[in-house]
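Contents: one structure, followed by commentary.
Each chain gets a letter, A, B and so on, in the order its sequence line appears, and its residues count up from 1. Keep in mind that this is a model prediction, so the values were computed, not measured.
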There are 2 protein chains.
Amino acid sequence: MPQDFRCNCPFTSALDVLGDKWILVIVKQMLIEGKETFKDFTESEEAIATNILASKLKLLEEVGIIIKTKRPENKKTNLYLLTDKGLALAPILVELASWSDGNLRDIHPTIVNGEAMELLRNDKTAFANALMNKYKEKLAATKASMNNQ
Amino acid sequence: MPQDFRCNCPFTSALDVLGDKWILVIVKQMLIEGKETFKDFTESEEAIATNILASKLKLLEEVGIIIKTKRPENKKTNLYLLTDKGLALAPILVELASWSDGNLRDIHPTIVNGEAMELLRNDKTAFANALMNKYKEKLAATKASMNNQ
DNA sequence: TAATATTGCTTGCAAAACAAAAGTAAAAAA
DNA sequence: TTTTTTACTTTTGTTTTGCAAGCAATATTA
């Protein structure tokens, strides 16, 4: 199923791809929590069911937000990594968190409010860039370790 | 049903509220296309079904993103207006459109690419602020016309 | 004023998406 | 070589979505 779009509106088209409860949560887990294997995702606090995880990972790969690889020394464990298209979602995630921070605490008082949130509040663009750079470094390290094998 | 949250993560919590195919499309229609009545929404190009529209409007109201009013001279037509909490979604919408612009054209070449998109590309923050200010002016005008009656 | 149209829904039903639990096959570890 | 781990798939519901029709209250037109 090659993604279907409702119309030519850029807002709506983004939601045709990203508009559900899981897609961006998976991207967040990769970008912020460093998850990269099927098992990693099943162990997250959001507790996604394995059948849904499998279908969403497939969709993310089809759209080009992630790629699926393996480390040369391990034939079993798949590695799911963000592409540039996936990394470009960082500013959306940051805006989502910022909106929660400012507008959801009245109906959901236990939303975390740590040091990272302070940084995010202070400069959203810088926060998003930091996330992307950190992930790019990780990607570079992963690639390097693969070539060493 | 008072909104349920999966966990205390600000990213995930935003998606608990906004993560579906319609919520942000309705907000977009209000903020960008100036829609404000039930009929307005049913006539949009995204063609939402009336039962889904009704349920989503209810949810948006419960969460506090919109309010439902009437003009004093018309007892039939409901007016749905964005609250501050709803207006604060503008930066998210802008980031979504920006991501589409830069990352979806390969699989969806007919995404619109007009003058507005150029402005958005040029300065996302300014674009979001302009949207919010324009809507606030409209709100002020609506309120004023109500007091005149 | 009576008939007609409009607005804002609700209801019923089929299809698709989501979810919990269990099962499975290949690879890795003991 | 047995056990465990990883990455799924399958099965069986339940919930959400979507289409079509219906309906009541208000507004408009004749």
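Ranked by how close their nearest DNA chain D nucleotide is to the 5' end, A/N51 and B/A47 are led by A/N51. Of the two residues near DNA chain D, B/K75 and A/F38, the one whose nearest nucleotide lies more 5' is A/F38.
For the pair B/D40 CG and C/dT7 P, the interatomic distance rounds to 9 Å; values are reported in whole Å. Between the P atom of D/dT16 and the CG atom of B/L59 lies a distance of 10 Å, rounded to the nearest Å. Atom CD in A/Q3 sits roughly 14 Å away from atom C1' in C/dA17 (whole-Å rounding). Counting to the nearest Å, the P atom of C/dG8 and the CD1 atom of B/I52 are 18 Å from each other. Here the P atom of nucleotide C/dT6 and the CD atom of B/E43 are 11 Å apart, to the nearest Å. Going from atom CZ of A/R71 over to atom P of D/dT5 covers 19 Å, rounded to whole Å. Taking atom CG of A/L53 as the reference point, atom C1' of C/dA20 lies 15 Å away to the nearest angstrom. As rounded to whole Å, 14 Å separates atom P of D/dT9 from atom CD1 of A/I48.
Put simply, the side chain of B/K76 and the base of C/dT7 share no donor and acceptor less than 3.5 Å apart. At a cut-off of 3.5 angstrom, the base of C/dG8 holds no donor-acceptor pair with the side chain of B/N78.
A sub-4.0 Å separation between OP1 or OP2 of C/dC9 and a side-chain N or O of B/K68 is present. For A/K39, a side-chain nitrogen or oxygen approaches OP1 or OP2 of D/dT6 to under 4.0 Å.
The salt bridge (Lys or Arg N to Asp or Glu O under 4.0 Å) test applied to A/E61 returns no partner, not counting sequence neighbours.
Only at 4.0 angstrom or more do the heavy atoms of residues 8-23 of chain B sit from any atom of DNA chain C, so none qualifies. Shown for residues 26-36 of chain B: no residue has heavy atoms falling under 4.0 angstrom of DNA chain C.
For the residue pair B/M30 and B/Y80, the shortest heavy atom distance occurs at CE-O, 3.0 Å.
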Stepwise side chain to side chain donor-acceptor pair (under 3.5 Å) test for A/N113 and A/R121: CA-CA 11 Å; A/N113 196 0; A/R121 248 187 310 251; 3.2 Å; yes
Mind running side chain to side chain donor-acceptor pair (under 3.5 Å) on B/S98 and B/D101 for me, showing each step along the way? CA-CA 5 Å; B/S98 173; B/D101 179 43; 5.7 Å; no
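In this structure, B/E46 CD and B/I26 CD1 are separated by 10.0 Å, a value rounded to the nearest 0.5 Å.
At the heavy-atom level, B/T50 lies under 4.0 Å from base atoms of the strands shown. Using a 4.0 Å heavy-atom cutoff across all strands shown, B/N74 reaches sugar-phosphate atoms only and no base atom. Residue-level contact check: B/T42 touches neither bases nor backbone, having no heavy atom under 4.0 Å from any strand. Contacts of A/K56 with the nucleic acid, taken as non-hydrogen atoms under 4.0 Å apart, involve only primed sugar atoms and P, OP1 or OP2.
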